[in-house]
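Protein chains get the first letters and strands the later ones, always in sequence-line order, with residue 1 at the start of each.
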Number of protein chains: 2
Amino acid sequence: MSCKIHAESYNEIIERNWPAGIKKTRQRMDIFEILYASENPISANDIFVAITRSHPQEMYAISTIYRNLLAFEKAGVITKHVLSTEDNAVYELSSRRHHHYAVCLLCHKKFPINACPLHIIEEDIDNSLPGFEITGHTLEVYGYCKDCKSE
Amino acid sequence: MSCKIHAESYNEIIERNWPAGIKKTRQRMDIFEILYASENPISANDIFVAITRSHPQEMYAISTIYRNLLAFEKAGVITKHVLSTEDNAVYELSSRRHHHYAVCLLCHKKFPINACPLHIIEEDIDNSLPGFEITGHTLEVYGYCKDCKSE
DNA sequence: TTTCAAATGCGAATGATTTGCATTTGCAAT
DNA sequence: ATTGCAAATGCAAATCATTCGCATTTGAAA
């Protein structure tokens with residue numbers, strides 16, 4: 001039996017993490033909640049489906065999802081990723097502990113990797129681009145996985 | 001007065017670098033030539049325009065550009081990048097000395113950075129994902145540039 | 001040469017994302 | 001509380017990069 005401590009409600013979390021200058025609407029809070037709960041980066045459509053499921057009585061427009069993802073992105077709250085092997089963008093909270101992926105160009109499988117170059121980047125940007133404020137980053141490695149290479 | 005040594009013709013370069021298992025067609029050689037000549041990552045449409053300009057008498061279909069970019073990508077010859085702030089993909093030779101970019105979420109300006117995490121990635125993949133053969137990678141940093149931050 | 005799978009041109013389809021506009025809503029100032 | 005209004009939303013249509021189907025052409029192996 002697992003023993004998870006439910007330290008704070010979503011309301012408290014939202015209260016604490018809400019980005020300045022972004023009006024708080026029901027739709028935005030719902031989107032934030034889905035992003036907060038998701039282990040992995042998810043697409044606009046994933047969010048749309050998840051919200052439609054958990055709030056069947058409410059009306060949602062997919063365009064609202066896109067508009068708000070853009071607003072969150074501009075606020076530095078989320079980071080948008082586009083894999084070269086997939087046809088839609090995925091999003092995750094910039095603050096979330098994340099993985100980068102090695103992606104096979106043939107079978108398109110994604111393998112999480114440990115390397116995260118954030119420290120190098122920060123150091124480099126401090127030196128060569130002073131004044132730039134980092135909010136997020138993406139890294140993907142492309143190549144051939146073991147199985148595909150042996151063919 | 002600059003003094004560039006024109007060591008080898010495109011024909012020789014193509015001869016030397018042509019990926020195995022990819023049939024050599026006029027269209028593919030033209031695309032390769034454009035990619036080879038380009039300092040920066042370029043889009044499918046950029047390539048289409050460049051080829052149309054330099055070979056006005058020849059027929060080209062934009063779909064051929066896309067199909068061949070995909071073929072080159074699968075062969076590991078080129079790497080496809082999609083910036084979260086732009087709406088089309090760009091491509092560059094995987095072997096080319098490249099830059100990564102810090103991208104401003106507000107003005108969308110791109111600032112080349114020096115950091116390239118390839119060594120860390122290679123080391124990590126050797127350990128955690130043995131057998132994976134790296135052909136290329138992408139890295140982008142998102143945030144606010146100095147000018148946009150002061151507003 | 002001949003042969004044939006693979007590549008191309010062309011035009012139409014796809015589908016993720018964006019946009020215009022009438023309506024609704026959060027919230028700051030009464 | 002109520003009001004006023006800029007900002008946000010729902011809806012449907014538009015956009016536009018990318019992909020696909022198919023008839024024709026072509027590279028290169030035999």
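At the phosphate of D:dG10, neither OP1 nor OP2 sits under 4.0 Å from any side-chain N or O atom of A:S63. Within the structure, a side-chain polar atom (N or O) of A:Q27 is placed less than 4.0 Å from OP1 or OP2 of D:dG10. The side chain of A:Y66 places an N or O atom within less than 4.0 Å of a non-bridging phosphate oxygen (OP1 or OP2) of C:dT17. The phosphate of D:dT18 (OP1 or OP2) has no side-chain N or O of B:N45 nearer than 4.0 angstrom.
For the pair B:I65 CD1 and C:dG11 P, the computed distance is 16 Å after rounding to whole Å. Rounded to an integer number of Å, the gap from B:D46 CG to D:dA17 P is 11 Å. Atom pair B:I22:CD1 and C:dT8:P shows a separation of 10 Å (rounding to whole Å applied). Look at CD1 on A:I62: it is 9 Å from P on C:dT17, rounded to the nearest Å. In this structure, CD of B:E58 is placed 17 Å from P of D:dT25, rounded to the nearest angstrom. Taking atom CZ of B:R26 as the reference point, atom C1' of C:dT8 lies 9 Å away to the nearest angstrom. For the pair A:F48 CZ and C:dG15 P, the interatomic distance rounds to 17 Å; values are reported in whole Å.
Candidate nucleotides D:dG10, C:dC27, D:dT18 were compared by shortest atom distance to the side chain of A:T64, and D:dG10 ranks first. Between C:dT8, D:dA8, D:dC11, one nucleotide has an atom nearer to the side chain of A:T25 than all others, and that is D:dA8. Checking D:dA6, D:dT18, C:dG9 against every side-chain atom of B:M59, the shortest atom distance belongs to C:dG9. The side chain of B:D87 has D:dA17 as its nearest neighbour among D:dA17, C:dT17, D:dT9.
The pair B:E58-B:R26 meets the salt-bridge criterion, with a side-chain N (NZ, NE, NH1 or NH2) lying under 4.0 Å from an Asp/Glu carboxylate O. With salt bridges taken as basic N to acidic carboxylate O contacts below 4.0 Å, one links B:K24 and B:E15.
Heavy atoms of B:A71 sit nowhere under 4.0 angstrom from any nucleic acid atom.
For D:dG10, the base has a donor-acceptor partner in the side chain of A:R67 [N/O atoms by modelled type, under 3.5 angstrom]. With hydrogens and angles left out, the side chain of B:R28 and the base of D:dG27 share no donor-acceptor pair within 3.5 Å.
Checking B:T135 against B:S94 by side-chain atom types alone, no donor-acceptor pair falls below 3.5 Å.
Between the A:S150 side chain and the A:D147 main chain, a donor and an acceptor come within less than 3.5 Å of each other.
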- Could you walk me through whether B:H100 and B:H81 pass the ring-ring contact (aromatic ring centres under 6.0 Å, His included) check? CA-CA 10 Å; B:H100 300 294; B:H81 304 262; 7.4 Å; no
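Mapped onto DNA chain D by nearest heavy atom, B:K24 and A:N68 fall at different nucleotides, with A:N68 at the one closer to the 5' end.
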